[in-house]
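Note sheet for the following structure.
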Amino acid sequence: MAYKQQPSFTLAFVAAALILLAGQVTARREIIEVKGRGVTDPILEAKLIDMLEETERTKDKVPVLGNSEMVKYCDNAYGMSIANLKKALGMLQRGIKSPQGFKELEAIVLVVMKAYEECDHVFAENAKPSPFGISNTKLKSLGTKCKQYAEEDAKQN
């Protein structure tokens, strides 16, 4: 009598799950070497672009909100944030050659996040709700993700 070997369903399922999980981990942490220029991280780049675009959309609201000192302060903060995010994005797109480069990028993101925080604080000091509060919360969340990715990339590089 012939005996047929059949792989168990459970074993096949576990193997497939492990392959899937390994692929997800590899996909996230795969930083790309830019020939002769260092490395870049496409996921961090995408998050920085999201953060830049959201900051630009938030800054576009300023003219509608009048010209109080609080709004002017936030307008200036968003302008500086846009310039800093463009700088960070340029660094990443050119390729970063050392862990210090990712730490510098992380420091830029922290400065930008502080600007969002201070914008909300200016309104709070005047006992007024910030019209930018929802946007700033979203921006700070994006900034936290960018900071985490930059930290991880500095450790890997």
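One-based numbering along the sequence shown.
Distance check: N126 CG to E69 CD gives 10.0 Å after rounding to the nearest 0.5 Å. Here the OG1 atom belonging to T58 is positioned 8.0 Å from the CZ atom belonging to F132, to the nearest 0.5 angstrom. In this structure, the separation between CG on L110 and OG1 on T144 is 9.0 Å, given to the nearest 0.5 Å. In this structure, the separation between CG on N67 and CG on D75 is 10.5 Å, given to the nearest 0.5 Å. With rounding to the nearest 0.5 Å, the separation of CD1 in I96 from CE in M91 is 4.5 Å. Rounded to the nearest 0.5 angstrom, K59 NZ and S135 OG are separated by 13.5 Å.
Look at E54 and R57 and you find a salt bridge, because one of the NZ, NE, NH1 or NH2 atoms lies within 4.0 Å of a carboxylate O, short of that distance. Looking at K147 and E151, a side-chain N of the basic residue comes within less than 4.0 Å of a carboxylate O on the acidic one, giving a salt bridge.
Applying the disulfide (SG to SG under 2.5 Å) test to residues at least two apart or on different chains, the pairs with a partner in residues 50-137 are C74-C119.
Taking both residues in full, the closest heavy atoms of S130 and N136 are given as OG-ND2, 4.5 Å, listed atom of the first, atom of the second, then distance. The two residues S81 and T55 make their nearest non-hydrogen contact at CB-CG2, 4.1 Å. Contact detail for K47 and C146: the closest heavy-atom pair is CB-SG, 3.5 Å.
Checking E118, E117, E125 one by one against H121, the side chain to side chain donor-acceptor pair (under 3.5 Å) holds for a single residue, E125. Applying the side chain to side chain contact (heavy atoms under 4.5 Å, CB included) test between E45 and each of D41, I43, I49 identifies I49 as the sole match.
Using bins of under 30°, 30° to 60° and over 60° for the plane-to-plane angle, the ring pair Y78/Y116 lands in the tilted bin.
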Residues 102-109 side chain polar contacts: donor-acceptor under 3.5 Å, at least two apart:
none

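More than 12 heavy-atom neighbours from other residues, nucleotides or ligands sit within 6.0 angstrom of NZ on K140. Within a 6.0 Å radius of NZ in K72, other residues, nucleotides and ligands contribute more than 12 heavy atoms.
Counting heavy atoms from C-beta outward, D50 and K145 have side chains that stay 4.5 Å or more apart. Considering only heavy atoms from C-beta on, K61 stays 4.5 Å or farther from P131 through its side chain.
If you chain together hydrophobic residues whose side chains sit under 4.5 Å apart, L65 and F123 fall into the same group.
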